[in-house]
**Q** 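Once you've had a glance at the structure underneath, I'll fire off some questions.
Basis for what follows: all heavy atoms, side chains included, without hydrogens, waters or symmetry-related copies. These numbers come from a predicted model, not from an experiment.
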Amino acid sequence: MKKFLITVLILAFLLLAAAFGYVLFSEEDQPLKSAGEKLASMAGGNLSQKVDKNSESYKKELNVKKDTATEADILEVIDYEKSKNQDVCAYLKIDGTKISDVVLQSFDNNVYLRKNEKKEPDVFGCYFADADCSLSTRDELSSNTIIYGHSDLKDNPDGKRFSQLFKYTDEGFAKEHPYITLATLQDYMKWEIFSVFYTDTSFNYIEAEPANGAASLSKQAMEKSLFDFGISVEEDDKILTLSTCSVKYKNDGNQRFVVMARLVDE
């Protein structure tokens, strides 16, 4: 009798264990087929229900940025990204390249030297504006708005971040893509490229308010330019300067490739 009871108890235990394992596998360990199904599950919806991947809730859950085809799209992205990181100050976009992302700005240029938009360690960092620059409306901009970004130190036009600027070493590409978009929450601005050049850090092109004026700085930049864009820059024009490292002539950490543009009238 005693052996019979022990046998019954063992069988009962095995049955309970099997039932628990089935429930655990079915409800917890079974992988969802897609991120969209996961969102539906989290929301208590039917997994077979079609998820609207264009909905704002879907994109925010997945941290997917909206398209930036229009002015409204870009301003919406700035507003949303700024809600995640208050250091977001603008949006930079260049057609024909992969440069299309927010610009950060801090009190110190070293803050975002090796950090991305989420303040996470990243060897390619992010696009960040010089700490001395004022980014707001076109009237309140610094004379020279400087934005830095890393390259892959191969001068590779297909590389990450500002490596894409090396596309402008091709005259055909440069003439076909003469405009840059740099927008803030206060103003949507187009800029026309007037110079692309290699230099070293002995040329002080990164002053927010150039000592000898914007026209003098622009003249020096145009003298260094790989091509003549046929653009004139007046003293009261606002300049945009995009700067990255280069190793074309020497790998000493002091070589730069620069794209300069002037603000187009509203």
Side-chain angles (χ1 to χ4, degrees), residues 68 71 74-75 78 88-105 109 112 126-151 161-169 173-175 177-199 203-227 229-246 256-266:
T68 54
E71 176 180 347
I74 288 177
L75 295 178
I78 299 172
V88 170
C89 63
Y91 196 95
L92 178 67
K93 182 177 180 179
I94 305 178
D95 290 339
T97 77
K98 295 179 182 178
I99 298 171
S100 181
D101 214 334
V102 289
V103 177
L104 287 294
Q105 185 182 40
N109 287 336
Y112 284 101
C126 60
Y127 306 126
F128 63 99
D130 193 284
D132 291 335
C133 291
S134 172
L135 281 91
S136 183
T137 65
R138 62 183 57 231
D139 293 331
E140 296 172 326
L141 287 174
S142 301
S143 295
N144 184 21
T145 299
I146 309 118
I147 298 177
Y148 306 104
H150 290 296
S151 73
R161 295 294 186 182
F162 267 178
S163 299
Q164 296 279 311
L165 289 181
F166 292 105
K167 290 181 184 293
Y168 280 97
T169 59
F173 179 90
K175 297 296 177 64
H177 301 86
Y179 295 103
I180 297 171
T181 297
L182 178 70
T184 66
L185 277 178
Q186 295 78 24
D187 218 328
Y188 183 83
M189 294 167 281
K190 285 285 188 180
W191 307 72
E192 187 174 23
I193 297 171
F194 64 81
S195 177
V196 295
F197 60 93
Y198 290 96
T199 186
F203 176 33
N204 188 14
Y205 62 91
I206 54 171
E207 288 182 291
E209 299 297 337
N212 296 320
S216 175
L217 175 62
S218 302
K219 182 180 178 182
Q220 293 178 74
M222 284 187 276
E223 289 171 352
K224 291 176 173 288
S225 185
L226 300 179
F227 323 113
F229 288 86
I231 305 297
S232 61
V233 180
E234 305 300 328
E235 188 57 49
D236 58 350
D237 279 337
K238 299 292 178 73
I239 300 171
L240 173 64
T241 299
L242 308 182
S243 176
T244 194
C245 292
S246 170
R256 301 289 184 267
F257 182 68
V258 183
V259 175
M260 277 192 178
R262 69 175 183 87
L263 181 61
V264 175
D265 291 338
E266 193 169 10

**Q** Nearest 0.5 Å, please: how far is OG1 in T241 from CZ in R256?
**A**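 Rounded to the nearest 0.5 Å, the CZ-OG1 separation comes out at 13.5 Å.
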
**Q** Please list, chain by chain and in numerical order, all residues satisfying side chain to side chain contact (heavy atoms under 4.5 Å, CB included) with L75, sequence neighbours excluded.
**A**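 Partners of L75 by the side chain to side chain contact (heavy atoms under 4.5 Å, CB included) criterion, ordered by chain and then number, come out as E71, I78.
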
**Q** Taking all heavy atoms of R161 and all of C126, pick out the closest pair and write down the distance.
**A**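 R161 and C126 have their closest heavy atoms at CZ-CA, 3.7 Å.
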
**Q** Output every pair passing side chain to side chain donor-acceptor pair (under 3.5 Å) with a member in residues 127-139, not counting sequence neighbours, ordered by first then second residue.
**A**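 Sorted result for residues 127-139: N109-D130, D130-Y148, S136-E140, T137-E140, R138-D187.
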
**Q** Kindly compute the distance separating OG (S100) from CG (D95), expressed to the nearest 0.5 Å.
**A**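 Output value for this atom pair is 8.5 Å.
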
**Q** Is a donor on one side and an acceptor on the other found under 3.5 Å between the side chain of T244 and the backbone of G149?
**A**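 A pair under 3.5 Å: yes.
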
**Q** With the side chain counted from C-beta on, respond yes when L135 and Q105 share a heavy-atom pair under 4.5 Å apart, and no when they do not.
**A**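 Answer yes - side chains close enough.
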
**Q** For K190, what residues pass the side-chain hydrogen bond (donor to acceptor under 3.5 Å, both in side chains) criterion, not counting sequence neighbours?
**A**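 So K190 forms a side-chain hydrogen bond (donor to acceptor under 3.5 Å, both in side chains) with T181.
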
**Q** Please name all residues satisfying side chain to side chain contact (heavy atoms under 4.5 Å, CB included) with S163, sequence neighbours left out, ordered by chain then number.
**A**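 Side chain to side chain contact (heavy atoms under 4.5 Å, CB included) list for S163, sorted by chain: S151, D152.
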
**Q** If we only count heavy atoms from C-beta on, is the K93 to T68 side-chain gap below 4.5 Å?
**A**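 In short, these two side chains touch, coming nearer than 4.5 Å.
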
**Q** Excluding sequence neighbours, so at least two apart, what forms side-chain hydrogen bond (donor to acceptor under 3.5 Å, both in side chains) with T169?
**A**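 Partners of T169 under the side-chain hydrogen bond (donor to acceptor under 3.5 Å, both in side chains) test: none.
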
**Q** Which value, rounded to the nearest 0.5 Å, describes the distance between L182 atom CG and L141 atom CG?
**A**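 With rounding to 0.5 Å, CG (L182) is 7.5 Å from CG (L141).
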
**Q** Quick one: ring-ring contact (aromatic ring centres under 6.0 Å, His included) partners of Y179, sequence neighbours excluded?
**A**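 By the ring-ring contact (aromatic ring centres under 6.0 Å, His included) rule, Y179 matches no residue at all.
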
**Q** To the nearest 0.5 Å, how far apart are OH in Y112 and CG in L104?
**A**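 One finds 4.5 Å between OH of Y112 and CG of L104.
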
**Q** Indicate every side-chain donor-acceptor pair of residues 258-266 with a distance under 3.5 Å to a residue at least two apart or in another chain.
**A**
from : atom 1 : to   : atom 2 : distance (Å)
R262 : NH2    : E192 : OE1    : 3.2

**Q** Sorted by first residue and then second, give each salt bridge (Lys or Arg N to Asp or Glu O under 4.0 Å) pair with at least one member in residues 209-223; sequence neighbours left out.
**A**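 Residue pairs with at least one partner in residues 209-223: there are none.
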
**Q** Please enumerate all residues that pass ring-ring contact (aromatic ring centres under 6.0 Å, His included) together with Y168, with sequence neighbours excluded.
**A**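 Counting only residues at least two positions away or on another chain, Y168 forms a ring-ring contact (aromatic ring centres under 6.0 Å, His included) with F173.
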
**Q** Quick one: does K167's side chain have a donor or acceptor within less than 3.5 Å of a partner on T97's backbone?
**A**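 Checked: no pair found.
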
**Q** Given L92 and F162, is the side chain to side chain contact (heavy atoms under 4.5 Å, CB included) satisfied, shown in steps?
**A** CA-CA 11 Å; L92 178 67; F162 267 178; 3.8 Å; yes

**Q** Under the salt bridge (Lys or Arg N to Asp or Glu O under 4.0 Å) rule, what pairs show up with a residue in residues 234-243, not counting sequence neighbours?
**A**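 Found none.
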
**Q** Y205: what forms a ring-ring contact (aromatic ring centres under 6.0 Å, His included) with it, not counting sequence neighbours?
**A**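 Partners of Y205 under the ring-ring contact (aromatic ring centres under 6.0 Å, His included) test: F203.
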
**Q** Side chains of S143 and P210: does their closest heavy-atom pair fall under 4.5 Å?
**A**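 Of all side-chain heavy-atom pairs linking P210 with S143, at least one is under 4.5 Å.
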
**Q** Can you sort out the partners of T184 under side-chain hydrogen bond (donor to acceptor under 3.5 Å, both in side chains), two or more places apart, ordered by chain and number?
**A**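 Result, side-chain hydrogen bond (donor to acceptor under 3.5 Å, both in side chains) vs T184: Q186.
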
**Q** Give, for atom CG of L185 and atom SG of C89, the distance between the pair rounded to the nearest 0.5 Å.
**A**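 Interatomic distance, L185 CG to C89 SG, rounded to 0.5 Å: 9.5 Å.
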
**Q** Heavy-atom distance under 4.5 Å between the side chains of L242 and F257, does that happen here?
**A**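 With C-beta onward as the side chain, the pair stays apart.
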
**Q** Taking atom CD1 of I94 and atom CD1 of I180, what is their separation to the nearest 0.5 Å?
**A**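 I94 atom CD1 to I180 atom CD1 measures 4.5 Å (nearest 0.5 Å).
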
**Q** Is there a side-chain contact between V103 and V88 in this structure, where contact means two heavy atoms from C-beta onward sitting under 4.5 Å apart?
**A**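 The answer is no; the side chains never approach within 4.5 Å.
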
**Q** Can you check whether I231 reaches M222 side chain to side chain, under 4.5 Å on heavy atoms?
**A**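 Contact flag for I231/M222 side chains = no.
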
**Q** Which atom names give the shortest non-hydrogen contact between F166 and C245, and what distance separates them?
**A**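 That would be CZ-O, 3.5 Å.
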
**Q** Taking the side chain from S142 and the backbone from N144, do they hold a donor-acceptor pair closer than 3.5 Å?
**A**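 No: the side chain of S142 does not pair with the backbone of N144.
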
